[in-house]
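Throughout, a chain's letter reflects where its sequence line sits, starting with A, and its residues are numbered from 1. Below, each value reflects all heavy atoms present in this structure, side chains not excepted, and no hydrogens, waters or symmetry copies.
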Amino acid sequence: MQKKELSLLDGNSLLYRAFYALPTTLTKSDGTVTNAVFGFTRMLFSLLEEREPDLLGVAFDLPAPTFRHQEYEEYKGNRKETPDELKPQFRIAKEVLEALEVPIFEKEGYEADDLIGTLAQKAEEEGYQVTIVTGDRDNLQLITENIQVMYNKRGISDIVDYDLEKFREEYELEPQQLIDKKGLMGDKSDNIPGVDGIGKKTSTKLLKEFGSLENVLANIDQVGGKKRKATLREQADRAKLSKKLAEIKVDVPLEVDFSELVLSDYKNQQVYDLFMELEFSSLISQIGGHQKLEVVDYQLIENQEELEKLDLTKEVAITLDLTGPKLKQELAGVAVATLEQSFYCNLATDELLNWLEDIFTTKEVLMVEAKEQIRYLLQQGIEVKKLSFEPLVADYLLKPSEKEKEFEELVTSHLQREIEEVTEEESLVLQTSLLFDLEEELVAKLEENELLSLFREVELPLVSMLAQLELTGIKVSSEELERLSTKLAEKIATIEEQAFQLAGEEFNLNSPKQLGVILFEKLGLPVIKRTKTGYSTSASVLEKLEGQHDIIPLISEYRTYTKLKSTYVDPLSDYINQETGRIHTTFNQLVTATGRLSSAEPNLQNIPIRTEEGREIRQVFVAEEGKHLLAADYSQVELRVLAHISQDEGLKEAYQQGIDIHTKTASEIFGLALDEVGREERRKAKAVNFGIAYGISDWGLAKRLNIGNQEAKEYIELYFERYPQVKEYIDTTIAQAKRKGYVKTLFDRKRYLPQINSKNYHQRSFAERMAINTPIQGTAADIMKMAMIDVFNLINNGEFSSQILLQVHDELVLEVPTAELEEVAQLVRERMEQAVELDVELEVDLKYGANWNQMKEIEGGEIDVID
DNA sequence: CAGCAATGCAA
DNA sequence: TATTGCATTGCTG
């Protein structure tokens with residue numbers, strides 16, 4: 001018969017590991033840090049899944065001094081105190097173990113190690129196979145044929161399994177000799193002294209020769225080296241003491257009945273409740289929700305007659321069973337649900353589409369992952385008249401900082417239920433029918449949080465719009481891409497050659513590590529800044545080294561061109577859809593914490609513009625024959641939003657009088673008349689204006705402007721003097737955030753900031769900056785979303801053939817038939833400027849052109865003369 | 001091959 | 001030790 005397996009965990013060392021492996025931002029909503037408990041529990045669960053032990057126990061240290069401290073006062077004397085954020089987590093971890101019904105071992109005067117050693121040896125005698133799980137290498141001394149150690153090297157998943165063979169291979173010793181080794185070499189982390197001058201290598205050598213510490217000491221004569229002989233004689237007692245300290249006890253007086261360590265069914269209600277309280281939702285799905293869902297009864301519809309006979313309520317939930325990659329999906333079937341009944345229709349695509357067209361024009365529809373499905377429908381020529389609910393979007397509004405969730409997680413967290421593992425068809429039907437329950441629950445929560453109108457009037461309509469944007473895509477000239485790629489390749493090759501020449505050797509210019517060696521070691525340039533892993537070679541560092549060596553400008557140029565080629569030019573070709581000749585990015589509505597959209601695969605929101613070389617990339621984005629690209633961007637929305645929400649007189653006045661805001665700020669800070677403000681003052685003022693919206697610090701501003709801290713500090717102080725209501729806004733917003741735990745945009749979008757009351761300065765400051773920035777950035781995002789909806793409706797209702805292609809935070813890019821350019825341009829401006837009414841006017845600049853690079857201004861817009 | 005660090009592009 | 005993102009290359013385990 002196979003031996004039963006016992007797993008013994010060292011609770012202390014594992015909690016420490018988990019604490020340092022996971023960010024302390026992992027908290028409950030009330031700010032209680034739970035990172036270590038979470039990591040520990042996850043380690044425990046993966047152990048249970050992978051090893052499936054029959055028995056389980058966890059050992060902890062107790063704060064009381066142990067026999068080791070009595071023997072040697074300095075034992076562990078160099079240990080830092082347990083971090084404040086970790087301390088309370090021991091209690092919580094024990095609560096988790098209690099809920100899981102896992103036995104806990106603690107004994108005054110002994111460390112967790114000793115308990116584990118004793119238990120392991122007893123268990124071995126009784127015929128068990130033992131696995132010790134720990135973050136402490138000392139335990140390796142316990143290894144035998146039947147006892148192995150899973151050593152958590154770092155993080156929470158970097159685990160090395162040591163059995164006898166592996167240990168011998170690595171240490172070239174027997175496990176018990178590890179104690180002798182510690183006796184000789186000591187252990188810094190536990191403040192065990194060992195013998196001076198003996199380290200890893202020597203200790204192994206000596207033990208291989210003499211077998212044990214005692215034998216080494218008994219044969220000091222035979223030890224090589226005069227000095228070493230002397231030290232060993234002198235420090236023999238110290239060595240013996242060190243060995244004693246390092247030896248894990250295996251004779252702790254413990255009464256154990258191993259049968260009591262049998263693992264219970266830990267997937268119980270108590271555990272579920274505790275995990276809910278700790279907000280461990282991902283772990284909840286691992287143990288299964290507390291209420292298993294019955295598989296829904298549903299009717300299978302296999303012919304068109306049955307389908308058409310269906311009598312559905314006004315609100316239906318629908319899930320299209322789509323397979324295949326984006327824009328090439330196929331429809332395998334449709335799951336349909338009303339409050340009372342559910343169906344799965346498995347028919348030919350054409351028949352399904354016919355029916356869907358009718359449904360989507362006459363019903364209000366609940367959908368999950370709606371954007372993907374709507375995009376498919378639009379591709380088939382079907383419009384969605386009313387999307388009435390989408391749970392992922394609702395959940396995002398409630399908790400925008402959390403990572404995007406799966407449908408199953410919503411069911412667990414909002415309905416406290418779990419989806420049974422069933423066939424794909426069944427789960428699709430179940431999912432569809434659950435949309436009604438989720439709607440009830442989530443709409444109530446949105447209502448409570450005053451988020452319902454943002455949900456219904458902004459986010460839901462946006463879903464269909466984004467589907468349309470993605471489907472439309474933007475035309476890209478592959479010839480132009482090709483040309484750019486060749487041009488860049490040539491430049492790069494030349495630069496590379498010159499750089500190698502100057503360096504006197506070939507190396508990988510892309511490797512900051514190799515580059516660092518060349519610059520700072522070989523060429524002896526001064527080190528400006530260091531990173532965690534070595535020298536920094538960032539653009540700002542290179543800028544400071546400019547002039548010191550001819551290779552520096554070459555490296556900067558190399559960086560610029562390879563960046564452009566490898567990030568923008570070359571990858572773009574792969575994204576061109578062969579059928580449409582266009583690039584169809586994915587707009588994500590559920591990513592950012594502030595309410596902005598994001599774009600990926602490819603990211604079309606970070607195409608270069610600031611430098612001429614980069615800007616050329618925009619040339620590849622073109623309008624179709626007979627059309628133009630129209631770019632409409634808000635002029636300084638965020639600062640205008642700041643003017644509105646802070647109600648600052650000076651700021652508002654500037655906008656009301658149409659004064660360039662950076663010039664105005666410059667005149668205030670530098671005490672100049674408006675017409676005396678020069679280029680440099682305006683540049684600095686611009687940085688200050690931006691900085692304010694990001695929750696400025698003097699240090700940050702100094703770095704950005706390459707000026708002294710004192711100077712930066714003065715600018716900030718002067719700014720607040722001249723715009724006092726802005727200062728007031730910042731103070732009251734932070735105070736409010738501390739009181740309520742969240743901040744809101746002008747349109748009630750919410751963001752929780754659990755770290756705002758943290759005792760950790762860095763975390764707290766970071767949360768404070770978020771508190772300042774989120775209402776500004778978020779309100780701007782709200783405005784743009786509303787504007788998009790207005791522009792979209794305008795185009796649809798006005799029977800224009802123009803299309804929105806992209807949104808770049810404060811800019812919309814449209815493709816407009818030349819015939820309607822004038823009219824659409826003016827209407828877009830109007831809609832965007834009137835999207836919301838603020839105390840300062842919104843201003844939109846318009847440009848048009850055959851491509852996204854060379855564009856001409858359309859009258860009226862403010863011309864930014866200087867920058 | 002996954003995940004992290006360094007770097008850099010946009011608003 | 002300025003906000004929000006996405007993506008690249010190098011490098012490590």
> In residues 705-713 of chain A, what residues come within less than 4.0 Å of DNA chain C, judged by heavy atoms?
Replying inline: none
> Taking the side chain of A/V808 as its heavy atoms from C-beta onward, which of C/dG5, B/dC9, B/dA11 lies nearest to it?
Replying inline: B/dA11
> Where the side chain of A/I609 is defined as all heavy atoms beyond and including C-beta, which of C/dT4, C/dA2, B/dA11 is the nearest nucleotide?
Replying inline: B/dA11
Taking atom types as they are modelled, would you say the side chain of [X] forms a donor-acceptor pair with the base of [N] within the 3.5 Å cutoff?
X      : N      : value
A/R769 : C/dA2  : no
A/K513 : C/dG10 : no
A/Q777 : C/dT4  : no
A/R610 : B/dA10 : no

Just how far, in rounded Å, is [atom2] of [N] from [atom1] of [X]?
X      : N      : atom1 : atom2 : result
A/I772 : C/dA2  : CD1   : C1'   : 10 Å
A/K529 : B/dA5  : NZ    : P     : 16 Å
A/L812 : B/dA11 : CG    : P     : 14 Å

> For A/N606 and A/I692, take the nucleotide of DNA chain C holding the closest heavy atom to each; which residue's nucleotide lies nearer the 5' end?
Replying inline: A/I692
>> For A/K684, run the salt bridge (charged side-chain N to carboxylate O under 4.0 Å, His left out) check against A/E711, A/E668, A/E714 and tell me which one passes.
In response: A/E711
> OP1 or OP2 of C/dT3 less than 4.0 angstrom from a side-chain nitrogen or oxygen of A/T774, does that happen here?
Replying inline: no
>> Please list all pairs meeting salt bridge (Lys or Arg N to Asp or Glu O under 4.0 Å) that have one or both residues in residues 552-574 of chain A, counting only residues at least two apart or in different chains.
In response: A/K565-A/D570
> For residues 749-781 of chain A, which residue pairs qualify under ring pair (Phe, Tyr, Trp, His ring centres under 6.0 Å), counting only residues two or more places apart or in two chains?
Replying inline: A/Y742-A/Y752
>> So that I can tick it off, tell me whether A/E490 and A/K487 are bridged by a salt bridge, with the cut-off set at under 4.0 angstrom between side-chain N and carboxylate O.
In response: no
